[in-house]
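In each ligand, atom 1 is the first atom listed, and ligand 1 is the first ligand listed. Keep in mind that this is a model prediction, so the values were computed, not measured.
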Amino acid sequence: MSSLHAVPGAGGAPRPPRSGSSTQVRVEAPGKVNLFLSVGAPAADGYHPLTTVFQAVRLIETVTARRQAADLHGAITLTLEEPYAGVPTNAANLAVRAATLLAQTTGVGDGVDLLLRKRVPAAGGMAGGSADAAAALLACNALWGTGLSQAELAGLAAELGADVPFPLVGATAVGHGRGDRLTPLMARGTYHWVFATSAQGLSTPAVFRRFDELVPGATAPADVPAALTAALRDGDPFSLADALHNDLQAAALDLRPQLADIIAAAESAGALRAIVSGSGPTIAALAPDPAAAMRVANALTASGLVAQALRVDAPVAGARVVG
Ligand code: C5P
């Protein structure tokens, strides 16, 4: 809870709630793909130092924060707009944890019901749960009138998880530390992705553990390659494809060997490159244009290897209030 002292009203007696005036606030936040992910040896706390390049993609989570009925005063609850396998609706949900952390930090006791509409695959390596948490922070900050700044929200986001700060800023950014220390990166143009999802998720800690077994001599993470920065600056998907890299790919393929078949199918259908997204198992295939993306998506769907093939463009903006 290192950022507590930075938040006004925290640390002493809870300050009285300063409620906002609306009855509900709707926020959208994007999922992500890692264009580059270099992993170092784990630190004493078990976390791995990273250099990563995030790109926010047009798979959008929507969180609507609604005032609680008076008889539920103070409770933080979550409702899924549609059933979604693998997403808890209790206190373990990252959006609930985010609202709870904001309430504890600011001393607000209003409670909230969070209505969640999911579009990012669960446990897929695309930070869908992190987007939900980022959206919940922004929505509750507006609903409750707690007035935390972007920097203060980013501090709370980093406490919730390494991937939570990025969906607050979106677009394209370099992540250092655990992936939570962000610097914006210039990117021109629009990139056309196909995301191949799997029916079964992969556990991020399990993938990092397998990385440690496969690469026992890992040192410090590498810098972002100049070729990748240049490709993004030029808006050139061909050069970007050559520069894509994920240190966790070998570990994810080791745990889920059939992902190699999806990569091969995407590339033979016209993807410039296909890689594991984050810790997987989603495969991210970069296409040169929308028509090629359509062909890749159709081929992956017909292959029977994937749960879904989602055509998505990127980059997109970070979390924002939409209603
Ligand atoms: O921070 P978050 O809860 O999203 O991380 C999930 C897990 O992924 C951690 O518990 C850790 O096992 C692993 N992780 C890591 N190094 C990072 C980020 C995540 O080892 N930089």
_Atoms in ligand 1 with a heavy atom of Ala162 nearer than 4.0 Å_ = 1 (O), 2 (P), 4 (O), 18 (C)
_Numbered atoms of ligand 1 (with element) below 4.0 Å of Gly46, judged on heavy atoms_ = 20 (O)
*Tell me: protein heavy atom nearest atom 7 (C) of ligand 1, and distance?*
Pro205 CG, 3.8 Å
*asked:* Tell me which one of Thr106, Thr105, Asn141 satisfies side-chain hydrogen bond (donor to acceptor under 3.5 Å, both in side chains) with Thr146.
replied: Asn141
*Among protein heavy atoms, which sits nearest to atom 13 (C) of ligand 1, and what does the distance come to when rounded to 0.1 Å?*
Phe208 CD1, 3.4 Å
_With side-chain hydrogen bond (donor to acceptor under 3.5 Å, both in side chains) as the rule and sequence neighbours excluded, what pairs involving residues 188-198 come up?_
Gln55-Trp193
*Can you pull out the closest protein heavy atom to atom 8 (O) of ligand 1? Residue, atom name and distance to 0.1 Å, please.*
Thr204 CG2, 3.3 Å
*Using ring-ring contact (aromatic ring centres under 6.0 Å, His included) as the criterion, list what pairs up with Phe211, not counting sequence neighbours.*
none
*Taking 4.0 angstrom as the limit, do Glu82 and Arg117 come out as a salt bridge?*
no
*Looking at ligand 1, does any of its N/O atoms fall within less than 3.5 Å of an N/O of His48?*
yes
*Between Gly179 and ligand 1, is there a nitrogen or oxygen pair with a distance under 3.5 Å?*
no
_Assess whether a salt bridge exists between Glu61 and Arg119, defined as any Lys/Arg side-chain N lying under 4.0 Å from an Asp/Glu carboxylate O._
no
*Of Leu286, Leu244, Thr52, Asn246, the residue whose pairing with Leu35 passes side-chain contact (heavy atoms from CB on, under 4.5 Å)*: Leu244
*Which bit of Tyr47 is near ligand 1, meaning a heavy atom under 4.0 Å away: side chain, backbone, both or neither?*
both
